[in-house]
Protein chains: 2
Amino acid sequence: MNDVASVPDLTGGHADEPKTLAEGAYRQLRRDIIEGLHRPGEKLRVEHLKDQYSVGAGTLREALQLLVTDALVVAQGQRGFRVAPISLDDFEDITRTRVLLETVALQQSIERGDDAWEANVVASFHMLSRAEDKLDDSSKNGHGREEWEQRNRAFHEVLISASPSRWIRHFQNILYLQSERYRRLSLFRQPIPRDVHAEHQAIVDAALARNAPEATRILTDHILRTLEAVRNLPDDLLS
Amino acid sequence: MNDVASVPDLTGGHADEPKTLAEGAYRQLRRDIIEGLHRPGEKLRVEHLKDQYSVGAGTLREALQLLVTDALVVAQGQRGFRVAPISLDDFEDITRTRVLLETVALQQSIERGDDAWEANVVASFHMLSRAEDKLDDSSKNGHGREEWEQRNRAFHEVLISASPSRWIRHFQNILYLQSERYRRLSLFRQPIPRDVHAEHQAIVDAALARNAPEATRILTDHILRTLEAVRNLPDDLLS
DNA sequence: GTCAATGTTTTTCTCGAGATTTTTATCCAA
DNA sequence: TTGGATAAAAATCTCGAGAAAAACATTGAC
């Protein structure tokens, strides 16, 4: 087996290059949808997109099918594909379900995490902090924000990585991807507030102190805060 | 609009015919995998299967991709598709996650369900009871068991149908499909025990009495019982 | 006898064209 | 002007063949 040391990658999950054209198109499309380049509800015509992403029709079709797995694209019978619509209700559902799963997983992680898990938590938190510094210093360029997104995701992933439930982690991955789409809307208006760093720090402290109730409480507040930010957005952004 | 009365289908969810060849192959393949016709871990070669399911190579490929969504098939980079392996650990994970999601959803359902929900619960329970009768009377023929599976699934689906969380219901669907695969193993050895009907009856009673703690307790025991049955199976069945 | 390298065979992946189905546009009658 | 039916257009869905990769078998050297 090749997971000898079980050292998770801190690169954000996109370490290995796509081994197939379809997977490459899938990743490109996924980022474009999350970034809002393809608007929610928009029709995704294979004939047009195949040129844009430089693949054949069948290959692009396969990429779209993969996106259906992530629920970022919906397929309707004999009527093609469409970007999954968004709504405040949907984000509320995503957030509450995410809180449910992520708190349980964090609890298990705090119970069972070993030294390596603690080290990974500290390391990914450090990576995230550095990305935050870069965001403050330089202007809000696109690459910096993307890097922050990757490291924020890695941080949350590492936090629950010691949970024994692969299914909870799997569902959490899907939900995180979904919420990324909504968070992008709120970040577009207001930059990352300063206290986010403090919240992350508090989660790390409580987790390392093996204080599960405190850690899950802070994590819950932390996730719910993004919901509030989206609630305060102008309605027309949730087209 | 055509959902005037919001009457859910009690046919087990496979009411509408497949509108595309790919979807047809997908459903056939899904049943064959759940039924164990394709063994866990088995390699699924497109060239062989395309004749067996009477579709083109690209179409079968698409069907396999859909199965990846349900986690019944795993795709490995440039090395084709494979039936998802099974293990006792996996089933334990599936069961515990299912308990977590289904109890929350049932609680919400009991809180918010209206008259129509109550009627659907009673109706689907009746359908399930009839299927149980047929199972007892006639021999354990294949069709009867399949019908029971469909109605059992419909029953559990209706129970949580009043939950407002589409995401929990979505995840529950996936997990139910997974557990069906394992349940088939235990049913193969021992027929459905008699007290399953009593358990279902107790859940219905508690749900209609709006006794959420009691209903979730029984539901939890009910789901965990299948885990015990699988635990007592000979090890070699979990190949 | 073991191991590495090479060549063959199988399988997957990709593409473009044809067959169906859906969507849009046009026309005619009420 | 509105409504429905017919015809044209566009898009989806499907298929089989060719290119790329992986798995397998054979051979040869140490």
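Convention: sequence-line order gives letters A, B, ...; per-chain numbering from 1.
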Query raised in the report: When you measure from the side chain of B/Arg61, which nucleotide among C/dC13, D/dA22, C/dC15 comes out closest?
Result: C/dC13

Requested in this report: Nearest whole angstrom, please: distance from the C1' of D/dT14 to the CG of B/Leu21.
Outcome: 7 Å

**Report entry** Residue A/Phe81, side-chain heavy atoms: nucleotide from C/dT22, D/dC13, C/dC13 that is nearest
**Finding:** D/dC13

Report task. Could you check B/Glu102 against B/Arg98 for salt bridge (charged side-chain N to carboxylate O under 4.0 Å, His left out), going step by step and ending with a plain yes or no? Result -> CA-CA 6 Å; B/Glu102 211 157 327; B/Arg98 212 187 126 196; 2.9 Å; yes

**Report entry** Candidates D/dC15, C/dT12, C/dC15 - which lies nearest the side chain of B/Glu47
**Finding:** C/dT12

**Report entry** Salt-bridge contact A/Glu23-A/Lys19 (side-chain N to carboxylate O under 4.0 Å)
**Finding:** no

Query - Out of D/dT14, C/dC13, D/dA22, whichever nucleotide has its closest atom nearest the side chain of A/Thr20 - result: C/dC13

Query raised in the report: How long is the line joining CD of A/Glu62 and C1' of D/dC13, in whole Å?
Result: 15 Å

Requested in this report: Answer with base, sugar-phosphate or nothing: what part of the nucleic acid does A/Ala57 contact at a heavy-atom distance below 4.0 Å?
Outcome: nothing

**Report entry** Closest listed nucleotide, where the reference is the side chain of A/Thr59 and the choices are D/dA11, D/dA22, C/dT14
**Finding:** C/dT14

Requested in this report: For the side chain of B/Gln78, starting at C-beta, report the closest nucleotide among D/dC15, D/dA21, D/dT14.
Outcome: D/dA21

Query raised in the report: Which is true for A/Gly80 with a 4.0 Å heavy-atom rule: it touches a base, it touches only sugar-phosphate, or it touches nothing?
Result: sugar-phosphate

Query raised in the report: For A/Leu44 and D/dA11, what is the distance between atoms CG and C1' respectively, to the nearest whole Å?
Result: 13 Å

Report task. Check the distance between C/dC13's P and A/Tyr26's OH and give it to me in whole angstrom. Result -> 16 Å

Query raised in the report: Rounded to the nearest Å, what distance is computed from the NZ atom of residue A/Lys19 to the P atom of nucleotide D/dA21?
Result: 11 Å

Query raised in the report: OP1 or OP2 of C/dT12 sitting under 4.0 Å from any side-chain N/O of B/Lys43?
Result: yes

**Report entry** A/Arg151 CZ to A/Arg130 CZ distance, which is reported to the nearest 0.5 Å
**Finding:** 10.0 Å

Report summary line: Here the distance between atom P of C/dT22 and atom CZ of A/Arg82, to the nearest Å, is 15 Å

Query raised in the report: Between B/Arg45 (CZ) and D/dA22 (P), how many Å, whole number?
Result: 16 Å

